[in-house]
Chemist: 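Pasting a structure here, questions to come.
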Amino acid sequence: MDYNIVAQAYEDMEKTRKRLELLEILSGLFKNTSSKVIERVIYLTQGKIKPDFYGIELGMSDKLVIKVLEKSTSMSKNRIQEEYKKTGDLGEVTKIALSNKVQTTLVKDRLTVERVYSTFEDIANTTGHGSVDIKIAHLSGLLSDCTPLEGKYIIRTLTGILRLGIADYTVLDALAVTYTGDKKNRKYLERTYNISSDLGKVAKIVVEKGLEGLEEINIVVGNPIRPMLAERLSSSQEIIDKVGEKMSLEYKLDGERLQIHVNKKQVSIFSRKLENITNHYPDVSSIMSEINVENMIVEAEAVAINKEDGSYLPFQELMHRRRKHKIKEAVENYPISINLFDIIFFDNEDLTNSSYERRRKILNIIVKKNKKLDIVKNKIIRSAEEIDNFLEQSIEEGCEGLVIKDLQGTYRAGAREYLWIKLKREYKSEMSDTLDLVVIGAIYGKGKRVNRYGALLLAAYNKEEDMFRSFCKVGTGFSDEQLRIIYEKLQKCIIKDKHVMVDSKMEVDVWFKPNIVLEITGSEITISPIHTANMNEIRKDFGLALRFPIFTGRIREDKMAQDITTTMEIMNEYKKQLKKVIN
DNA sequence: TCTGTCTGCCC
DNA sequence: ATTCTGC
DNA sequence: GCAGAATGGGCAGACAGA
C-alpha cells in the first residue's frame with residue numbers, strides 16, 4: 001500500500017476538528033486499506049508499531065529526530081531550532097527541511113506502508129553499542145525516499161504524537177462505520193478491544209470475519225485487559241448527587257496498579273498501560289500462591305512498605321522496584337504489600353458482568369490476609385458526611401484519598417465512567433494549601449501551545465541567602481486566554497542569562513527576571529534530584545519539589561517576588577507530611 | 001569505568 | 001498524573 | 001460529557017563519549 005494514501009488522509013484530518021468529518025476521512029482511509037496491511041495502518045495511526053504489552057520501543061524522540069534532520073537534510077542546526085520554536089512541531093520542521101532538499105533522484109520508488117512499518121521495526125530492534133548511529137541511518141534512509149508531506153507524518157508517527165484529533169475511540173468508530181456499516185456497532189468492537197487490548201487485532205478480525213468474528217474473542221488469562229478507570233469529583237455532595245445514597249468507599253493507595261493473572265500457579269503481571277511487568281515483582285508469585293484457585297485475574301495496588309511496622313511509604317520508594325537488574329536486592333530493600341481491590345476472572349468464570357458487590361464478596365471469601373497480602377479497606381455508606389469522615393481517615397493512614405464505587409456497577413473494562421469516582425484531598429480546596437511562586441524561566445509550547453510558553457519554571461524564595469530556588473515547573477491549569485496573558489506579561493521580563501539571584505539546575509528556553517508571581521497548588525512535596533529548593537537540607541545533593549503542580553488561575557499582581565512562599569515554609573510543609581522518604 | 005543525556009513509563 | 005476545549 | 005491533546009515529578013536503563 002502506498003504510504004502517500006495514509007499521509008494524505010492524515011493531512012486532510014489535520015484541517016478539521018469536526019468529529020464527524022474526522023470520522024469520514026478515517027473511514028475513507030480504511031476503505032482503501034486491504035486486510036493485509038490494516039493492522040499496520042492501525043498501529044501507525046496509534047503512533048506505535050505494536051500494542052504496549054509487546055514491550056517494543058522505538059527509542060527515538062525529539063532529540064534524536066533533530067539529530068537526524070541535522071545529518072540528513074541541508075537545514076542548519078540553528079534553523080532547525082528556529083523552525084521548531086516557530087511551528088512547535090517536528091513533523092512540520094521535517095516537511096520544511098525536506099522541501100528545501102535538492103532533489104537527487106528524479107524518479108524514485110513510491111514509499112509503501114510496508115516499508116515505513118518495517119523501518120520502524122528495524123529502528124525498534126536496533127540495540128547495543130553503536131545503535132544510535134544505526135537508528136539515525138534507518139530514519140535518514142526513509143526520509144531520503146519520501147515526500148515532504150510523508151516525512152511530516154513519518155516523524156509524527158515515530159514520536160507518537162499524530163496531533164490529528166483522533167485516537168482509539170475514533171478509530172473504533174471508523175472501523176464500525178467502514179466494516180459493519182453502522183457506527184452503533186462500535187460497542188461490539190470496543191468490547192473486543194477492551195478484553196484483547198489490541199486495536200490492530202480488532203481491525204483484522206472485523207475486516208476478515210465481520211461482527212461474528214468478534215464474538216469468538218473472550219478473556220484469556222495471561223492476556224491483559226484494559227483496566228476500568230475512575231472519573232474525578234471534588235466534593236462529597238457532588239458524589240451523592242451522582243451515585244445516589246448507597247455506595248462503597250475504598251481507600252486510594254499511592255502505589256502502582258497491578259493486573260495480576262494467575263494460571264495454574266503461573267503468574268503474569270501487567271501495569272495500567274498494560275506493560276508486562278512480571279519481572280519487577282518476583283515476590284508477587286509467592287504472595288499470590290496463598291490463594292488456591294486454578295486461574296484468576298485480580299487487580300491490586302502494590303505499595304512500598306516500611307520493613308519494621310508495615311506502614312505505607314511514598315510512591316517514590318516503590319519506583320525503585322521498576323527495574324530490570326538487581327531485582328533480588330530491590331525485593332529485599334523495598335518490600336511491598338499487595339492490596340487487592342477487584343477480581344475480574346475467577347475459576348474459569350468471567351466476572352466482568354457481575355456487580356461490584358459480588359466481586360468484592362468473592363475477594364473476601366478467597367483471600368486470607370497476611371502481612372504482604374490485603375484487601376483494600378472499604379466501607380458501605382449512605383451520606384455525604386460519612387464520605388468526608390472516611391476521606392479524613394484514609395489520609396491519616398497515609399492514603400491519597402478515596403475511590404467511590406457503585407455497588408451494582410459491573411467491571412467496565414477500558415471505560416472512564418461514573419461507576420468509579422476518585423476523591424483526593426487536593427481536589428477539595430479547603431483541604432489543600434496554595435503556594436505563591438515566581439516565574440524564573442519557560443519552555444516553548446508545542447502543538448496547540450505554539451507561540452506561547454508550554455511550561456513555566458517556578459521558584460520559591462530563600463530569604464536567608466536572598467535567592468530564588470527552583471521548586472517545580474507548571475504546565476496545566478491555565479486557560480488559553482491566561483496562557484496568552486502570561487506570555488505577554490513575561491516578554492518584559494526576558495533576560496539573556498539566568499538571573500544572578502536564581503539558582504536552578506534545570507535548563508529552559510527563556511530566562512526571566514523574577515517578577516511575575518503565580519498561585520499554585522499541588523499534591524505533595526517530594527525529594528528532588530533536579531530542583532534546588534532546600535538543596536541538601538533533607539538529603540545530600542537533593543532538593544525539594546512539588547508533585548502534580550497546577551496553576552490555580554490567579555496571577556498575584558499584589559505580590560512582589562520577595563513576598564512569595566519561602567523555602568523555610570516549604571520545609572515546614574514537608575515536615576508536616578505524614579510520609580517521608582527514609583534517608 | 002564513570003558521567004551526562006535521552007527515553008519510556010509509573011504516578 | 002491534571003486540566004482545558006471543541007464538538 | 002466524551003475524546004483528545006497540552007502539560008507536571010521522578011525513577012531505571014541504554015548509550016555515547018570522555
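We name chains A, B, ... by the order of the sequence lines, and we start the count at 1 in each one. Computed from a predicted structure; not experimentally measured. Hydrogens, waters and symmetry mates play no part in the numbers below; they use all other heavy atoms, side chains included.
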Chemist: For Lys505(A), report the nucleic acid contact type (base, sugar-phosphate, nothing); a contact means any heavy atom under 4.0 Å.
Modeler: nothing

Chemist: Closest to the Glu231(A) side chain: dC2(D), dG8(D), dC11(D)?
Modeler: dC2(D)

Chemist: Looking at Gln316(A), I'd like to know whether one of its side-chain N or O atoms comes within less than 4.0 Å of OP1 or OP2 on dG9(D).
Modeler: no

Chemist: If I take atom CZ in residue Arg321(A) and atom C1' in nucleotide dC11(B), what distance separates them, rounded to the nearest angstrom?
Modeler: 17 Å

Chemist: Do the charged groups of Lys424(A) and Glu426(A) touch, with an N to O distance under 4.0 Å?
Modeler: yes

Chemist: Output the rounded distance in Å from CG (Leu164(A)) to C1' (dC7(C)).
Modeler: 17 Å

Chemist: May I ask you to say what Gly255(A) touches in the nucleic acid, namely base, sugar-phosphate or nothing, with a heavy-atom cut-off under 4.0 Å?
Modeler: sugar-phosphate

Chemist: With heavy atoms under 4.0 Å as the rule, sort Ile530(A) into base, sugar-phosphate or nothing.
Modeler: sugar-phosphate

Chemist: Nearest-Å distance, CG (Leu483(A)) to P (dT7(D))?
Modeler: 10 Å

Chemist: So what does Thr127(A) touch, heavy atoms closer than 4.0 Å: a base, only the sugar-phosphate, or nothing?
Modeler: sugar-phosphate

Chemist: Which is more 5' along DNA chain C, the nucleotide nearest Glu426(A) or the one nearest Arg17(A)? Just name the residue.
Modeler: Glu426(A)

Chemist: From dG10(D), dC10(B), dA16(D), pick the nucleotide closest to the side chain of Lys273(A)?
Modeler: dC10(B)

Chemist: In terms of side-chain heavy atoms of Ile277(A), which of dC10(B), dC11(B), dT7(B) is nearest?
Modeler: dC10(B)

Chemist: DNA chain C: Lys252(A) or Gly477(A), which has the more 5' nearest nucleotide?
Modeler: Lys252(A)

Chemist: Could you check whether Tyr427(A) gets within reach of a base, just the sugar-phosphate, or nothing at all, counting any heavy atom under 4.0 Å?
Modeler: sugar-phosphate

Chemist: Arg232(A) has a side chain; which of dG8(D), dT2(C), dT7(B) sits nearest to it?
Modeler: dT2(C)

Chemist: Which nucleotide in the list dA14(D), dC6(B), dA3(D) gets nearest to the side chain of Lys324(A)?
Modeler: dA14(D)

Chemist: Atom CG of Leu26(A) and atom C1' of dA3(D): how far apart are they, to the nearest Å?
Modeler: 14 Å

Chemist: Under 4.0 Å from OP1 or OP2 of dC10(B): is there any side-chain N or O of Arg322(A) that close?
Modeler: yes

Chemist: So which nucleotide from dA5(D), dC11(D), dC7(C) ends up closest to the side chain of Phe542(A)?
Modeler: dC11(D)

Chemist: So, is the end of the Lys242(A) side chain (NZ or CZ) under 6.0 Å from the ring centre of Tyr418(A) and within 45° of the ring's axis?
Modeler: yes

Chemist: Look at Ser479(A) and dT3(C) and indicate whether a side-chain polar atom (N or O) is within less than 4.0 Å of OP1 or OP2.
Modeler: no

Chemist: When we call it a touch if two heavy atoms are under 4.0 Å apart, what does Lys63(A) touch: a base, just sugar-phosphate, or nothing?
Modeler: sugar-phosphate

Chemist: Just N and O in the side chain of His325(A): are any of them under 4.0 Å from OP1 or OP2 of dA14(D)?
Modeler: yes

Chemist: Under 3.5 Å, is there an N or O donor on one side and an acceptor on the other linking the side chain of Thr476(A) and the base of dT2(C)?
Modeler: yes

Chemist: Within 45° of the ring axis of Tyr10(A) and under 6.0 Å from its six-membered ring centre, is that where the NZ or CZ of Arg156(A) lies?
Modeler: no

Chemist: Measuring from the side chain of Arg19(A) (C-beta onward, heavy atoms only), which nucleotide among dA6(D), dA3(D), dA1(C) has the closest atom?
Modeler: dA3(D)

Chemist: Considering every strand and a 4.0 Å limit on heavy-atom distances, what is the contact class for Asp480(A): base, sugar-phosphate, or nothing?
Modeler: sugar-phosphate

Chemist: If I compare all heavy atoms of Asn339(A) with all of Ser337(A), which pair ends up nearest, and what's the gap?
Modeler: ND2-OG, 3.0 Å

Chemist: Before we go on, tell me: are the rings of Tyr444(A) and Tyr487(A) under 6.0 Å apart, centre to centre?
Modeler: no

Chemist: Remember a base hit wins even if backbone is also touched, and classify Lys422(A) as base, sugar-phosphate or nothing at under 4.0 Å, heavy atoms.
Modeler: sugar-phosphate

Chemist: Under 4.0 Å between any heavy atoms, over every strand shown, what does Lys424(A) touch: base, sugar-phosphate, or nothing? Just pick one.
Modeler: sugar-phosphate

Chemist: Measure from CZ on Arg547(A) to P on dG9(D) and round the result to the nearest Å.
Modeler: 12 Å

Chemist: Using atom CG of Asn333(A) as one end and atom P of dA12(D) as the other, report the distance to the nearest whole Å.
Modeler: 12 Å

Chemist: Tell me which nucleotide among dT7(B), dG4(D), dA12(D) gets nearest to the side chain of Tyr169(A).
Modeler: dG4(D)

Chemist: Please confirm whether the shortest side-chain N or O distance from Thr526(A) to OP1 or OP2 of dG10(D) is below 4.0 Å.
Modeler: yes

Chemist: Within 45° of the axis and under 6.0 Å from the centre of the six-membered ring of Tyr188(A), does NZ or CZ of Arg191(A) qualify?
Modeler: no

Chemist: Compare side-chain N and O positions of Arg272(A) against OP1 and OP2 of dA1(C) and report whether any pair is under 4.0 Å apart.
Modeler: yes

Chemist: Judged by modelled atom types alone, do Tyr281(A) and Arg321(A) share a side-chain donor-acceptor pair under 3.5 Å?
Modeler: no

Chemist: Is the positively charged end of Lys446(A) above the ring of Tyr84(A), judged by distance under 6.0 angstrom from the centroid and angle within 45° of the axis?
Modeler: yes

Chemist: If only side-chain N and O atoms of Arg323(A) are considered, is one of them under 4.0 Å from the OP1 or OP2 phosphate oxygen of dA12(D)?
Modeler: yes

Chemist: Give the rounded distance in Å between these two atoms: CG of Asn276(A) and P of dC10(B).
Modeler: 10 Å

Chemist: May I have the distance from Ile550(A) (atom CD1) to dC4(C) (atom P), rounded to whole angstrom?
Modeler: 9 Å

Chemist: With a cut-off of less than 4.0 Å, is there a side-chain N or O of Arg186(A) near OP1 or OP2 of dA3(D)?
Modeler: yes

Chemist: At under 4.0 Å between heavy atoms, what does Phe551(A) touch on the DNA or RNA strands: base, sugar-phosphate, or nothing?
Modeler: nothing

Chemist: What interatomic distance, in whole Å, is found between P of dG4(B) and the corresponding atom of dT5(C)?
Modeler: 41 Å

